[in-house]
Amino acid sequence: MRDTSAIPVPKPETLLDWYDRHARKMPWRVGPAERKAGVMPDPYRIWMSEVMLQQTTVAAVREYFLKFTDKWPRVSDLAAAADADVMAAWAGLGYYARARNLLKCARAVAADYDGVFPQTYADLLKLPGVGPYTAAAVASIAYDEPAVVVDGNVERVMSRVFNVLTPLPDAKPELTALAASLTPQDRPGDYAQAVMDLGATICTPRNPACGLCPWRDNCVARLQGTPAELPRKKPKKVKPKRRGIAYIARRVDGAYLLETRPESGLLGGMLGWPGSDWTESDPTPAPPIRAEWKTLNAEARHTFTHFHLSLTVLTALVPMERQPERGEFIPAEEFDPKSLPTVMRKAYDLTDSGRT
DNA sequence: CATGCGTGGCG
DNA sequence: TCGCCAAGCAT
């Protein structure tokens, strides 16, 4: 193996210089030039963006961020919102516990902190839906506290620069310590965003653009010729296949029979079609209302984090006076398929109404 | 502490 | 078509 002991440890200043020239523009971001001029970001908007960005791409977050901050410009506005409105606005973004915690957090800030976000890592960490990453990101970006920000980008950059061969998640403490060793006292917020920009645009999972990297002469994995092999990860489990039945009942006045799912668990708190459990064996029929159910030809296919789902969709037209055993009828003018989680919208899209 | 928890894009 | 992946958190 090549002797890498002579490779200099990377300097945060080098990355910050790169960030000054290449920072990506985002709706929630205060750019490096503005930031140097003394402009501070709105903690509410930083927190909102960070929660949305948890395990989610910038491209997907953009429109949701604009929608949320337009509807609810301040944390007090969000705190006063109805649960169903927030869940409906979040529909399609995934990981719905984030939306429930977002609202809980806004209400906690309004009630316990007089509508002003706490300003330290330690206090931020107490908020619902705010873990080590988000607390550090808000503390550093919104308040310039030199907190140690460790997300997937940072893990990837650190594992390559320092050639960490331990697979994740075991490597997490080591990578966190390495990240801490580089976190500067000066401009910690810009530095945190710089590492994430580097990971997103240069130090990418596949085909990293090492030639353009400001730390190219400090990266042990690059000097070894193996940056794309890092970080190593423990093998994942295979996703089982499950099946289920969804019942889409439309009343003659156009109202749809829907139900709000339980607060916890899969798609918790979201609106959905009544149906069977989703199981690996044959699903047990469970029609929510007496009707002449017709099975659609196509099935709705969807993959969740930990299983594949194939959903058989049944439809029926029911008379006004018929009472459902589960769920409630939502008037046609209040029904918007965009307020459904994606699997439920896919089922709707298979119906005659959904295709028109 | 391993597991549950979405979605869309990309190679 | 398919596995991997993206600014993680709660339990």
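The structure displayed is predicted, hence computed values, not measured ones. Here is the naming used below: chain letters follow the sequence lines, and residue numbers restart at 1 for every chain.
Note: CZ (A:F304) to C1' (C:dC5) measures 18 Å, nearest angstrom. Separating the CG atom of A:L53 from the P atom of B:dG6 is a distance of 18 Å, rounded to the nearest angstrom. Rounded to an integer number of Å, the gap from CE of A:M344 to C1' of B:dG6 is 12 Å. What separates CZ of A:R232 from P of C:dC4 is a distance of 17 Å, to the nearest Å. In this structure, A:E50 places its CD atom 14 Å from C1' of C:dC9, rounding to the nearest Å. A:K233 has its NZ atom 16 Å from the P atom of B:dA2, to the nearest Å. Distance, A:L93 CG to B:dG9 P: 13 Å, rounded to whole Å. Taking atom CZ on A:R62 and atom C1' on B:dG8, their separation rounds to 16 Å, with Å as the unit.
Rounded to a whole angstrom, the distance from the P atom of C:dC9 to that of B:dG8 is 22 Å.
Of the listed nucleotides (B:dT7, C:dG8, C:dA6), C:dG8 has the atom at the smallest distance from the side chain of A:Y133. The side chain of A:Q54 lies closest to C:dC9, out of B:dG6, C:dA6, C:dC9. Taking every side-chain heavy atom of A:T342 into account, B:dG8 is the closest of B:dC5, C:dC9, B:dG8.
Side-chain rings of A:F307 and A:F304 approach one another, their centers coming within less than 6.0 Å.
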For this session: Using the ring pair (Phe, Tyr, Trp, His ring centres under 6.0 Å) rule, take A:Y256 and A:Y348 through it: C-alpha gap first, then chi angles, then the decisive distance, then the call.
Result: CA-CA 11 Å; A:Y256 281 103; A:Y348 172 77; 5.8 Å; yes
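Residue A:P128 is classed as a sugar-phosphate contact, given heavy-atom separations below 4.0 Å to backbone atoms only. Here A:V130 lies in heavy-atom contact (under 4.0 Å) with sugar-phosphate atoms only. In this structure, A:G92 reaches the sugar-phosphate backbone alone: every heavy-atom distance under 4.0 Å involves primed, P, OP1 or OP2 atoms, never a base. Across all strands, A:K236 comes closer than 4.0 Å only to sugar-phosphate atoms, never to a base (heavy-atom distances). Across all strands shown, A:M26 has heavy atoms under 4.0 Å from base atoms, whether or not it also approaches the sugar-phosphate. Using a 4.0 Å heavy-atom cutoff across all strands shown, A:N207 reaches no nucleic acid atom at all. Using a 4.0 Å heavy-atom cutoff across all strands shown, A:R29 reaches at least one base atom of the nucleic acid. Residue A:L267 is in sugar-phosphate contact alone, with no base atom involved, counting any heavy-atom pair closer than 4.0 Å across all strands shown.
A donor-acceptor distance shorter than 3.5 angstrom exists from the side chain of A:R98 to the backbone of A:V51, with no hydrogens or angles considered.
Side-chain N/O atoms of A:T305 and base N/O atoms of B:dG6 include a donor-acceptor pair closer than 3.5 Å. With hydrogens and angles ignored, no donor-acceptor pair under 3.5 angstrom links the side chain of A:T56 to the base of C:dG8.
Phosphate contact (OP1/OP2 of B:dT3, side-chain N/O of A:K237, threshold under 4.0 Å): present. For the pair A:Q55 and C:dG8, the criterion of a side-chain N or O lying under 4.0 Å from OP1 or OP2 is met. An OP1 or OP2 oxygen of C:dC9 is reached within less than 4.0 angstrom by a side-chain nitrogen or oxygen of A:T134. Side-chain nitrogen and oxygen atoms of A:H306 include none within less than 4.0 Å of the OP1 or OP2 phosphate oxygen of B:dT3. Residue A:Y96 places at least one side-chain N or O under 4.0 Å from the OP1 or OP2 atom of B:dT7. Neither OP1 nor OP2 of B:dT7 sits under 4.0 Å from any side-chain N or O of A:R345.
Criterion: ILVMFWY side-chain heavy atoms under 4.5 Å apart, direct or through other members. Under it, A:W47 and A:V116 are not part of a common hydrophobic cluster.
Using a 3.5 Å distance cut-off with no hydrogens or angles, the side chains of A:Q54 and A:Y133 do not pair a donor with an acceptor.
Nearest-nucleotide assignment on DNA chain C puts the 5′-proximal partner with A:A200, out of A:A200 and A:L125. The nearest heavy atom of DNA chain B to A:D170 and to A:P341 marks one nucleotide each, and the one closer to the 5' end goes with A:D170. Checking A:K104 against A:R206, the closest nucleotide of DNA chain C that is more toward the 5' end is the one next to A:R206. Comparing A:L340 and A:P169 by the nucleotide of DNA chain B that holds the closest heavy atom to each, the one mapping nearer the 5' end is A:P169.
Residue A:R301 places its CZ atom among 12 or fewer non-hydrogen atoms of other residues, nucleotides or ligands, all under 6.0 Å distant.
By the 4.0 Å N-to-carboxylate-O rule, A:K36 lies close enough to A:D20 to be salt-bridged with it.
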